[in-house]
Chemist: 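If you scroll down you'll find the structure; I have some questions about it.
This one's a predicted model, so the numbers in the text were calculated from it and none came from an experiment.
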Amino acid sequence: MARRLRTVGLDFVACAPVRLVFAREVSASPEAVHRALADDVTGWPQWFTAVTLCRPTGGGAGREVRLKGGTRFQESILAAEAPERYAYRVDVTNAPGLRALVEEWRLTPAGTGTRVQWTFAADGAAPLRAALRLGRPGLARAFRDAVTALDRRLAAAKA
């Protein structure tokens, strides 16, 4: 059953009870990475294997996301500041125990490429918070694989 989560803003990224931060460098430019994140929303399943559907809603002000295993999110875009930041808040989900979730992607130049930093900021019931912390290695692997696949996709599109 879908539930509405607490409405939080961008400041939640810095103060969430659970903050998982991952970073990786890619060869694509910050502009190309930002376009893939913010403009090519429907392309996410092509590089982020946990995502089975991603489509814009509300004229681009939000997104509908479905993950493998059946988790669903209705999100609001909080920041689409090209080429530095893309962030969104989960407003409605069927994930149990979750109270608030914001994800932020920060992009900074790194040589001729980009340093991609993903912050997963969440609040929820104590068992969920513990599960997220224990799941950190799995989220790290998912991030690494997704960003690597995105970099390959962007390089192929450029060629």
Chemist: Using a 3.5 Å distance criterion without hydrogens, assess whether the side chain of T52 forms a donor-acceptor pair with backbone atoms of R66.
Modeler: yes

Chemist: Rounded to the nearest 0.5 Å, how far does CG of L78 lie from CG of L10?
Modeler: 5.0 Å

Chemist: Of all heavy-atom pairs between R4 and V92, which one has the smallest distance, and what is that distance?
Modeler: NH2-CG2, 3.7 Å

Chemist: Quick one: side chains of residues 14-24, donor-acceptor pairs under 3.5 Å with protein atoms, not counting sequence neighbours, listed by atom name and distance.
Modeler:
residue : atom : partner : partner atom : Å
R19     : NE   : V13     : O            : 2.4
R24     : NE   : T148    : OG1          : 3.2

Chemist: Test of understanding: with salt bridge (charged side-chain N to carboxylate O under 4.0 Å, His left out), list the residues that count as partners of R55, not counting sequence neighbours.
Modeler: E64

Chemist: Between D40 and R153, which heavy-atom pair has the shortest distance, and what is it?
Modeler: OD2-NH2, 3.3 Å

Chemist: If you measure from CG on L154 to OG on S29, what distance do you get to the nearest 0.5 Å?
Modeler: 8.0 Å

Chemist: Given side chains that start at C-beta, do those of L107 and P83 come closer than 4.5 Å, heavy atoms only?
Modeler: no

Chemist: I'd like a table of donor-acceptor pairs (distance under 3.5 Å, sequence neighbours excluded) in which one partner is a side-chain atom from residues 31-39, with atom names and distances.
Modeler:
residue : atom : partner : partner atom : Å
H34     : NE2  : R85     : O            : 3.0

Chemist: What's the spacing between R3 CZ and T93 OG1 if we round to 0.5 Å?
Modeler: 7.0 Å

Chemist: Are the side chain of T114 and the backbone N or O of V26 linked by a donor-acceptor pair below 3.5 Å?
Modeler: no

Chemist: Which atoms form the tightest heavy-atom contact between V116 and F143, and what is the distance?
Modeler: O-CZ, 3.6 Å

Chemist: R6: which residues meet the side chain to side chain donor-acceptor pair (under 3.5 Å) condition with it, sequence neighbours left out?
Modeler: D123

Chemist: Among residues at least two apart in sequence or on other chains, which ones pass side chain to side chain donor-acceptor pair (under 3.5 Å) with W105?
Modeler: Y88

Chemist: When clusters are formed by joining ILVMFWY residues with side-chain heavy atoms under 4.5 Å apart, either directly or through shared neighbours, do L101 and L132 land in the same one?
Modeler: yes

Chemist: Just how far is it from atom CZ of R133 to atom CG of L139, taken to the nearest 0.5 Å?
Modeler: 13.0 Å

Chemist: Looking at every non-hydrogen atom in both residues, tell me the closest pair between A100 and V8 and how far apart they are.
Modeler: CB-CG1, 4.1 Å

Chemist: Hey, any chance Y86 and V147 share a hydrophobic cluster, counting ILVMFWY side chains that come within less than 4.5 Å of each other, even indirectly?
Modeler: yes

Chemist: Tell me whether L5 shares a hydrophobic cluster with V102, the cluster being built from Ile, Leu, Val, Met, Phe, Trp, Tyr side chains joined at under 4.5 Å.
Modeler: no

Chemist: Give the minimum heavy-atom separation between W44 and C54, together with the two atoms involved.
Modeler: CB-CB, 4.0 Å

Chemist: Tell me, please, which residues at least two apart from E84 pass side chain to side chain donor-acceptor pair (under 3.5 Å).
Modeler: none

Chemist: Which heavy atom of Q74 sits nearest to which heavy atom of T57, and what is that distance?
Modeler: OE1-CG2, 4.3 Å

Chemist: Does the R129 side chain pair with the main chain of G124, one donor and one acceptor, at a distance under 3.5 Å?
Modeler: yes

Chemist: Hey, what do you get for CG (L67) to OG1 (T49), rounding to the nearest 0.5 Å?
Modeler: 10.5 Å

Chemist: Look up atom CZ in F48 and atom CG in L150, then write down how far apart they are to the nearest 0.5 Å.
Modeler: 10.5 Å

